[in-house]
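Presented below is the structure to which this report refers.
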Amino acid sequence: MSADSVGAQYVAEFIDGPLEGEFDHRALVAGKAERRIGMVAAVDGLESLFWYDAVDDRQVNGELRVRFRFDADDSDPVESDDEND
């Protein structure tokens with residue numbers, strides 16, 4: 001990976017919701033991190049769309065990191081069979 005391609009990326013940190021604790025390397029768009037992203041993930045074997053909004057960003061060892069918070073209102077519902085009992 002070249003220095004140019006590393007500089008054109010950031011790390012998205014998911015701080016809550018279904019993707020809590022996960023990280024994703026993403027490309028900068030027009031030199032900036034996205035403020036809202038949609039992520040598709042499988043929950044209990046079903047694909048769901050989850051929306052996340054940027055909360056803040058910081059530099060960690062020269063790498064841009066952006067923390068994202070789950071937007072439950074705009075996302076697909078997350079329910080497991082255990083919650084319905």
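Residues that satisfy the salt bridge (Lys or Arg N to Asp or Glu O under 4.0 Å) test with D76, not counting sequence neighbours, are absent from this structure. Applying the side chain to side chain contact (heavy atoms under 4.5 Å, CB included) criterion to A72, with sequence neighbours excluded, gives F70. Applying the side chain to side chain contact (heavy atoms under 4.5 Å, CB included) criterion to D53, with sequence neighbours excluded, gives R36, D71. With sequence neighbours left out, the side-chain hydrogen bond (donor to acceptor under 3.5 Å, both in side chains) criterion links D16 to no other residue. Take V29 and apply the side chain to side chain contact (heavy atoms under 4.5 Å, CB included) test, not counting sequence neighbours, and it matches E34. Not counting sequence neighbours, the partners of R35 by the salt bridge (Lys or Arg N to Asp or Glu O under 4.0 Å) test are D57. Remark: E13 pairs with R58, R65 by the salt bridge (Lys or Arg N to Asp or Glu O under 4.0 Å) rule, at least two apart or across chains.
Summarising the geometry of A54 relative to V66, their closest heavy-atom pair is CB-CG1, 3.9 Å, with the distance given to 0.1 Å. Residues A27 and Y10 come closest through the heavy atom pair O-CE2, 3.6 Å.
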Practice item. Quick one: do L64 and Q59 satisfy side-chain contact (heavy atoms from CB on, under 4.5 Å)? Show the steps, please. Key: CA-CA 5 Å; L64 178 62; Q59 292 286 328; 3.9 Å; yes
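With side-chain heavy atoms closer than 4.5 Å counting as contact, directly or through intermediates, the hydrophobic cluster containing F23 also holds V11.
Taking OH of Y52 as the reference point, atom CD of E22 lies at 8.0 Å (rounded to 0.5 Å). A distance of 7.0 Å separates CZ of F50 from OG of S75, quoted to the nearest 0.5 Å. Rounding to the nearest 0.5 Å gives a distance of 9.0 Å between CD1 of I37 and CH2 of W51.
In the hydrophobic cluster analysis, where Ile, Leu, Val, Met, Phe, Trp and Tyr join through side-chain heavy atoms closer than 4.5 angstrom, V43 is grouped together with F68.
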